[in-house]
There are 2 protein chains.
Amino acid sequence: MSNPTVQAEHAKQNIKLAVDNCIFTVKDGKLFILLIKMKSKLQGMWALPGGLIKDTETIGAAAQRILKQETGLSDNYLEQLYTFSQPNRDPFARVISTAYFALIPDANIELKPSPKYDDVRWYPVKKLPELAYDHNHIVKYAKQRLEWKISYTNAAWSLLPEKFTLTELQKVYEAILNKKLDKRNFRKKIDKVGLLKETKQTKLEGAHRPAKLYEFSSKKKKIVEII
Amino acid sequence: MSNPTVQAEHAKQNIKLAVDNCIFTVKDGKLFILLIKMKSKLQGMWALPGGLIKDTETIGAAAQRILKQETGLSDNYLEQLYTFSQPNRDPFARVISTAYFALIPDANIELKPSPKYDDVRWYPVKKLPELAYDHNHIVKYAKQRLEWKISYTNAAWSLLPEKFTLTELQKVYEAILNKKLDKRNFRKKIDKVGLLKETKQTKLEGAHRPAKLYEFSSKKKKIVEII
DNA sequence: TTAGTATGTGTATATAAGACACTAACATAA
DNA sequence: TTATGTTAGTGTCTTATATACACATACTAA
């Protein structure tokens with residue numbers, strides 16, 4: 001708070017602060033988001049995993065905590081998205097929520113439905129159910145940001161395992177941008193960006209020429225203008 | 001809030017929610033930001049104008065309210081920037097602040113120091129004083145966003161008056177990107193983007209050929225890739 | 001040995017970016 | 001009235017980037 005004269009109003013403010021996570025992954029060439037099924041209140045509705053901020057943690061730490069709670073993962077791509085504050089977004093209380101978005105690699109993660117929820121599932125973003133609160137709106141926003149991120153930064157790396165083929169990488173782009181890309185032009189660009197290095201391994205999967213496996217030479221966030 | 005099971009924790013949360021505005025303008029080829037001088041607490045320090053959110057307003061409305069309070073302006077470019085939540089960012093209370101950034105046209109606005117502050121001033125962003133709280137950090141973030149915005153969207157329009165010359169437009173870009181641009185290439189791009197229309201007026205200012213005045217054919221926010 | 005399938009590669013064309021210098025139209029002063 | 005100073009306004013050539021497009025390769029399975 002930057003304005004000391006309003007400190008007196010502190011006592012009056014009655015707003016809660018929460019975080020909601022948009023956790024994305026790409027699987028079989030399709031983009032998925034992690035949803036939970038609510039128990040009490042709005043029971044049975046699907047929603048983004050989230051929760052209140054603790055008094056001593058940053059919002060980012062809260063997002064991280066919830067991500068770990070639901071997926072067991074830490075050290076992932078996690079980025080603040082936007083803070084949603086419509087007064088009526090939560091019918092039970094005035095709750096302002098900062099949305100985060102996370103990218104996790106092709107998730108063979110077993111989702112252990114925490115006791116807090118009735119269910120936890122990966123949903124294809126193309127056919128989402130009606131979600132609780134303003135969560136459909138949040139997801140829409142997150143999808144746009146994801147599209148941008150993957151086009152202009154190296155964020156796609158976070159959606160892939162340690163080693164992967166160029167076709168797998170291309171499928172990640174196609175799933176998120178929702179369109180086919182030309183194989184040769186795609187590889188030219190990836191090559192020019194120069195963040196990949198060839199490994200000596202190949203991946204043989206099906207009755208055809210085996211594919212070379214690549215890995216990232218660095219995982220630092222970078223702005224790269226890929227597509 | 002998306003998680004009903006934590007509703008019980010509501011009573012425990014003790015966090016205040018504020019907004020801080022980064023209000024930019026360009027004047028005489030230089031980029032300025034609006035700062036206020038604080039009265040009580042951290043007295044004498046300069047800071048971003050801000051304040052607590054009201055229980056019934058969105059954060060955006062709060063930002064709008066504060067912008068109007070300080071500049072008298074409404075209907076300006078105003079956009080959410082980021083939510084800052086370091087637990088120790090305010091030494092007096094746990095306050096989480098959502099920063100907004102605003103662009104206003106060459107400000108012949110008279111700044112009426114509201115009774116809440118000791119002073120209100122435009123500061124050149126190149127030489128800012130030490131600011132209260134984490135506001136230097138916020139401003140740094142805002143500057144980056146501004147640079148991006150002006151390069152990839154038509155946001156620059158918001159920094160100019162109704163009618164303006166191409167040289168004035170170029171100066172806005174140069175001030176924000178902090179580098180000289182080539183006049184002919186700049187005009188070629190602006191022309192290609194196609195958002196300007198010529199007026200029949202000219203502007204004569206000094207002993208030289210008068211400049212044509214232009215105006216925007218639309219002020220809707222657009223992504224345009226200008227520079 | 002053949003058929004089927006995904007991998008891997010190059011070139012030519014179109015579009016965009018960047019570097020660069022002179023004439024035009026005004027005010028002012030001699 | 002003429003000369004000087006000042007910013008406005010314009011075009012071309014070169015280089016880099018983007019896009020469109022087709023065939024040989026290396027494996028499995030029948």
Side-chain angles (χ1 to χ4, degrees), chain A residues 26 28-30 106 147 150-153 160-161 163-175 177-215 223-227, chain B residues 26 28-30 106 147-148 150-154 160-161 163-175 177-215 223-227:
Chain A
V26 173
D28 304 325
K30 270 163 58 184
D106 182 346
E147 205 171 305
I150 206 179
S151 296
Y152 296 107
T153 77
L160 288 161
K163 289 170 185 173
F164 53 89
T165 70
L166 292 179
T167 301
E168 286 166 348
L169 181 59
Q170 184 175 342
K171 276 195 191 321
V172 166
Y173 275 88
E174 290 179 336
L177 301 178
N178 200 24
K179 67 178 175 192
K180 285 271 167 213
L181 300 173
D182 179 85
K183 200 204 304 188
R184 282 166 294 183
N185 293 339
F186 179 78
R187 288 170 183 229
K188 240 188 298 177
K189 280 192 191 161
I190 292 298
D191 185 54
K192 185 156 66 71
V193 173
L195 296 175
L196 295 191
K197 64 172 191 252
E198 242 180 273
T199 67
K200 277 153 197 160
Q201 297 165 276
T202 56
K203 181 174 186 177
L204 181 48
E205 191 181 47
H208 55 81
R209 180 173 177 172
K212 287 180 198 163
L213 284 167
Y214 289 79
E215 62 188 359
I223 291 181
V224 287
E225 303 239 354
I226 295 172
I227 297 297
Chain B
V26 173
D28 303 325
K30 269 161 61 183
D106 183 347
E147 204 171 307
W148 185 87
I150 205 179
S151 297
Y152 296 107
T153 79
N154 62 349
L160 289 160
K163 289 170 185 169
F164 53 89
T165 70
L166 292 180
T167 301
E168 287 166 347
L169 180 59
Q170 185 175 340
K171 276 196 191 322
V172 165
Y173 276 87
E174 290 178 336
L177 302 179
N178 199 26
K179 66 178 176 193
K180 286 271 165 213
L181 299 173
D182 179 86
K183 202 206 299 191
R184 283 166 293 185
N185 293 338
F186 179 78
R187 286 168 185 230
K188 240 186 300 175
K189 278 190 193 163
I190 293 299
D191 185 56
K192 185 157 64 73
V193 172
L195 297 175
L196 294 191
K197 64 172 189 248
E198 241 179 274
T199 68
K200 276 156 197 158
Q201 298 164 275
T202 57
K203 179 174 187 177
L204 180 48
E205 192 181 47
H208 55 82
R209 178 172 179 173
K212 287 181 197 161
L213 283 167
Y214 289 80
E215 63 188 1
I223 289 181
V224 287
E225 302 238 354
I226 294 172
I227 300 297

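Letters go in sequence order (proteins before strands), and every chain restarts at 1.
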For A/Lys192, all residues meeting side-chain hydrogen bond (donor to acceptor under 3.5 Å, both in side chains), sequence neighbours excluded: none
Strand contacts (DNA chain C) in residues 195-207 of chain A, 4.0 angstrom heavy-atom criterion: A/Ala207
5' to 3' contact window, DNA chain D with chain B (heavy-atom distance under 4.0 Å): D/dG5 to D/dT12
Test side chain to side chain contact (heavy atoms under 4.5 Å, CB included) applied to A/Thr153 - qualifying residues, sequence neighbours left out: A/Trp148, A/Lys149, A/Ala155, A/Ile223
Nearest-Å distance for atom pair NZ/C1', residues A/Lys212 and C/dG8: 7 Å
Side chain to side chain contact (heavy atoms under 4.5 Å, CB included) against A/Asn185, all qualifying residues, sequence neighbours excluded: A/Asp182, A/Lys188
From B/Glu174 atom CD to B/Leu169 atom CG, the distance as rounded to the nearest 0.5 Å: 10.0 Å
Selection residues 196-206 of chain A - residue pairs positive for salt bridge (Lys or Arg N to Asp or Glu O under 4.0 Å), sequence neighbours left out: A/Glu168-A/Lys203, A/Lys197-A/Glu215, A/Glu198-A/Lys212
Close side-chain approach of A/Leu213 and A/Thr202, heavy atoms under 4.5 Å: no
Side chains of A/Lys171 and A/Val26 in contact at under 4.5 Å (non-hydrogen atoms): no
Results of side-chain hydrogen bond (donor to acceptor under 3.5 Å, both in side chains) for B/Asp191 - residues two or more places apart only: none
Short side-chain N/O contact to C/dT7 OP1/OP2 from A/Thr167, under 4.0 Å: yes
B/Thr199: side-chain hydrogen bond (donor to acceptor under 3.5 Å, both in side chains) partners, not counting sequence neighbours: none
Among C/dT5, C/dA17, C/dG8, the nucleotide that comes nearest once only the side chain of A/His208 is considered: C/dT5
Residues forming a side-chain hydrogen bond (donor to acceptor under 3.5 Å, both in side chains) with B/Glu147, sequence neighbours excluded: none
Per-nucleotide protein contact string for nucleotides 19-24 of chain C (B base, S sugar-phosphate only, - none; heavy atom under 4.0 Å): BBB--B
